[in-house]
Amino acid sequence: MPTTTDDLAAFLEAQGLDPHGLDEPGTLLWTTRDASGPTASAALELAGPAALLRSVAVRPDRRGDGTARRLVEDVLAEAAAGGIRRVYLFSTEAGAFWQRLGFREVPVPEAATALADAPQVRQYLADGSLADEVAWCRDLAAS
C-alpha cells in the first residue's frame, strides 16, 4: 500500500516530529514499510542546487539495525543524481549519527541562507525556532 501524506504525518507525529509542510510543492518523500506500516521516513525540500533533508525518522523497533542509514544513503544518491550538490539538515540530538554519514556541522545562518525558500526554514523563521537548531551539511559528489 502506498504511503499517503496523512499516513506519513501520523508516523512522524508518533516519532515526535512535526509533519508541517510535507505537502508543499518541491518536497519529495521516501518511506520504507513492513507489514506493520512505515519503518522509516525521509523528505527533501528542494532549493536549487541545495536541499533540506528533513523528517528522518525510524520506528523504535527498527532503530540500530541500519534502516535509517540505508534510507538516507538512498535519498542522498537520488538527490545527487537529480543535480543536488549540497544537502543540509537541522538536528539538535543526533549529531553523531549525521557525522557518521559524512555530515559536518555548519553555522545555522549558512543553512538558512542556502535554503531560504524551503518550507521548514520559512516555518522556523516565522515561529522563531531557528535559533534553537543545529545545522549540518554534506556535499554530494557529482554523478
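Because the structure is predicted, anything quoted here is derived from the model rather than measured.
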Looking at side-chain heavy atoms only, is the closest gap between [X] and [Y] below 4.5 Å?
X    : Y    : answer
L53  : Y88  : no
R62  : D34  : yes
P119 : H20  : no
L22  : S55  : yes
E73  : L101 : yes
E78  : L28  : no

Looking only at non-hydrogen atoms, find the nearest pair between [X] and [Y] and report the distance.
X    : Y    : answer
T92  : V134 : CG2-N, 3.9 Å
Q15  : A57  : CG-CB, 3.8 Å
V56  : L17  : O-CD1, 3.5 Å
T27  : E45  : OG1-CG, 3.6 Å
E105 : W136 : N-CE3, 3.3 Å
A51  : L115 : C-CD2, 3.6 Å

Evaluation steps, ring-ring contact (aromatic ring centres under 6.0 Å, His included), between Y124 and F90: CA-CA 11 Å; Y124 286 174; F90 298 107; 5.6 Å; yes

Worked verdict on Q120 versus D18 for side-chain hydrogen bond (donor to acceptor under 3.5 Å, both in side chains): CA-CA 10 Å; Q120 191 174 60; D18 182 1; over 6 Å; no

Audit row: R122, E24, salt bridge (charged side-chain N to carboxylate O under 4.0 Å, His left out) steps and yes/no: CA-CA 12 Å; R122 289 193 319 260; E24 291 278 338; 3.6 Å; yes

Steps toward side-chain contact (heavy atoms from CB on, under 4.5 Å) verdict (L89, F103): CA-CA 9 Å; L89 62 91; F103 284 82; 3.5 Å; yes

